[in-house]
Amino acid sequence: MRLASIHLYPVKSLGGVAVDEAAVEPWGLRHDRRWLVLNPDGTYLTARDEHRMLGVAAIPAAGSLTLTGLDGSRLTVAEPADGDLVPTTMSRLAQIRLAPPEAHDWLSVQFGRSLRLGWLDDPHRRPVAEDHGGLPGDPLNLSDAGPLLVATTASMRRLNDWIAEGAVERGEQVPEPLPISRFRPNLVVDDSPGAPAEPFAEDDWQRVRVGTVDFRFAEICDRCVLTTIDAATYRTGKEPIRTLSRFRKRDGKTWFGVRLIPLTDGVLRVGDEVTVS
């Protein structure tokens with residue numbers, strides 16, 4: 001197998017960016033999910049509630065983050081932020097550091113509500129939960145539960161086949177295949193055309209090596225309504241949750257992709273060999 005693509009989501013729930021390479025840190029990929037959009041009361045805002053967040057681009061660079069808004073305006077914020085620490089409701093994190101006031105003003109204009117931008121200054125302050133595969137000392141960025149999310153093209157093909165088959169059974173027009181970006185993976189793993197991988201084989205991975213970097217399996221990823229939002233139109237539909245509920249449901253949840261925890265550091269590059277055990 002090969003690493004087909006790498007994706008960063010610098011601000012939780014804002015648009016992601018594909019990159020050719022990324023450094024692995026103990027808490028995830030460098031620049032991935034270190035920023036968070038906050039409501040005035042310390043709760044955090046996600047695209048589950050504000051679909052338009054998916055249309056705001058966040059591009060990281062050395063020492064800065066550039067945001068491109070729904071109105072085409074841009075704002076560059078220095079990284080790391082050095083504002084005050086304020087309370088937040090993010091799980092296993094009591095406080096988050098504020099970005100400069102101009103970032104709050106810019107976000108508030110984009111979404112028509114009072115918002116602030118927060119920065120996770122030290123991921124060691126937020127551990128991976130034990131019930132999400134964490135061990136003592138495992139740090140975490142602002143991802144929901146694990147440092148890296150991995151999806152495979154083999155599983156995506158099977159899911160799209162199931163969706164198409166379901167449409168035929170219901171007498172509906174077969175929809176266009178869903179993009180794997182609906183699942184917001186950090187890493188997309190592709191199988192060899194001459195040796196296609198078994199769909200959902202990743203559920204049983206224990207150790208993964210990508211290039212020269214080693215990871216351990218943390219858990220299979222449960223999926224939420226965010227996967228039903230079209231990032232281009234901001235409209236919600238029934239897929240993929242409807243089909244996952246038919247084929248990939250247990251314990252009241254639907255499952256797609258796996259979370260990994262880094263065991264070593266290094267740099268991942270598109271095209272790297274992926275081996276599993």
Side-chain angles (χ1 to χ4, degrees), residues 6-19 22 25 27-61 64-70 75 77 79-81 83 85-100 103-104 106-108 110-111 113-129 132 139-151 181-187 218 221-229 231 234 257 259-260:
I6 305 170
H7 305 267
L8 304 176
Y9 308 91
V11 183
K12 188 176 181 68
S13 268
L14 295 193
V17 58
V19 296
E25 298 174 320
W27 44 84
L29 299 181
R30 184 172 298 167
H31 302 302
D32 187 53
R33 294 178 174 93
R34 292 293 294 274
W35 299 88
L36 185 69
V37 178
L38 292 168
N39 293 305
D41 62 359
T43 59
Y44 61 95
L45 185 67
T46 75
R48 289 185 284 267
D49 298 312
E50 176 52 86
H51 299 353
R52 294 176 299 167
M53 292 179 74
L54 297 173
V56 175
I59 308 298
S64 68
L65 173 74
T66 298
L67 303 173
T68 302
L70 301 169
L75 176 73
V77 182
E79 182 180 312
L85 285 169
V86 297
T88 179
T89 60
M90 168 58 65
S91 60
R92 304 179 307 285
L93 183 69
Q95 295 179 309
I96 197 164
R97 195 168 294 281
L98 289 178
H104 315 327
W106 188 89
L107 281 172
S108 299
Q110 293 302 310
F111 299 108
R113 64 174 83 183
S114 180
L115 296 170
R116 296 182 295 178
L117 182 64
W119 158 262
L120 177 56
D121 52 345
D122 183 3
H124 289 97
R125 294 199 292 115
R126 185 174 185 242
V128 180
H132 288 292
L140 182 60
N141 55 23
L142 294 170
S143 299
D144 285 342
L148 285 94
L149 177 64
V150 179
S181 58
R182 282 287 187 99
F183 295 98
R184 293 173 70 86
N186 292 116
L187 308 179
C221 184
D222 56 306
R223 309 313 312 209
C224 69
V225 69
L226 183 60
T227 62
T228 67
I229 304 170
Y234 313 132
R259 295 182 174 116
L260 302 182

Legend entry - Partner of Trp35 under side-chain contact (heavy atoms from CB on, under 4.5 Å), chosen from Leu67, Ile96, Val77, Asn141: Val77
Legend entry - Stepwise side chain to side chain contact (heavy atoms under 4.5 Å, CB included) test for Leu75 and Thr66: CA-CA 6 Å; Leu75 176 73; Thr66 298; over 6 Å; no
To the nearest 0.5 angstrom, please state how far the [atom1] atom of [X] sits from the [atom2] atom of [Y].
| X | Y | atom1 | atom2 | answer |
| --- | --- | --- | --- | --- |
| Arg52 | Gln110 | CZ | CD | 9.0 Å |
| Leu117 | Leu65 | CG | CG | 7.5 Å |
| Leu8 | Arg30 | CG | CZ | 11.0 Å |

Inset, instruction - For the pair Glu79 and Arg34, find out whether any cationic side-chain nitrogen is under 4.0 Å from an anionic carboxylate oxygen. - result: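 Here Glu79 does not pair with Arg34 in a salt bridge, since their nearest N and O are not under 4.0 Å apart.
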Inset, instruction - Please lay out, stage by stage, how Leu45 and Arg113 fare under the test side chain to side chain contact (heavy atoms under 4.5 Å, CB included). - result: CA-CA 11 Å; Leu45 185 67; Arg113 64 174 83 183; 3.5 Å; yes
Would you name the heavy atoms of [X] and [Y] that are closest together and state the gap between them?
| X | Y | value |
| --- | --- | --- |
| Leu14 | Val56 | CB-O, 3.6 Å |
| Arg182 | Thr227 | NH1-O, 2.9 Å |
| Ala58 | Val11 | CB-CG2, 4.0 Å |
| Asn186 | Leu148 | OD1-CA, 3.4 Å |
| Ala81 | Leu98 | CB-O, 3.6 Å |
| Gly42 | Leu38 | O-CD2, 3.7 Å |

Give a yes or no on whether the backbone of [Y] and the side-chain of [X] come within a donor-acceptor separation of less than 3.5 Å.
| X | Y | result |
| --- | --- | --- |
| Ser13 | Ala47 | yes |
| Asp32 | Pro10 | no |
| Tyr234 | Met53 | no |
| Arg126 | Leu93 | no |

Inset, instruction - Give a yes-or-no answer on whether the side chains of Arg116 and Ser108 include a donor-acceptor pair shorter than 3.5 Å. - result: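 Absent: no donor and acceptor within the cut-off.
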Inset, instruction - Might you work through the side chain to side chain contact (heavy atoms under 4.5 Å, CB included) test for Leu140 and Arg92, ending with a clear yes or no? - result: CA-CA 10 Å; Leu140 182 60; Arg92 304 179 307 285; 3.4 Å; yes
Inset, instruction - Would you check, one step at a time, whether the test side chain to side chain contact (heavy atoms under 4.5 Å, CB included) holds for His104 with Ser114? - result: CA-CA 8 Å; His104 315 327; Ser114 180; over 6 Å; no
Inset, instruction - Only one of Arg33, Arg259, Lys12 passes side-chain hydrogen bond (donor to acceptor under 3.5 Å, both in side chains) with Asp144; say which it is. - result: Lys12
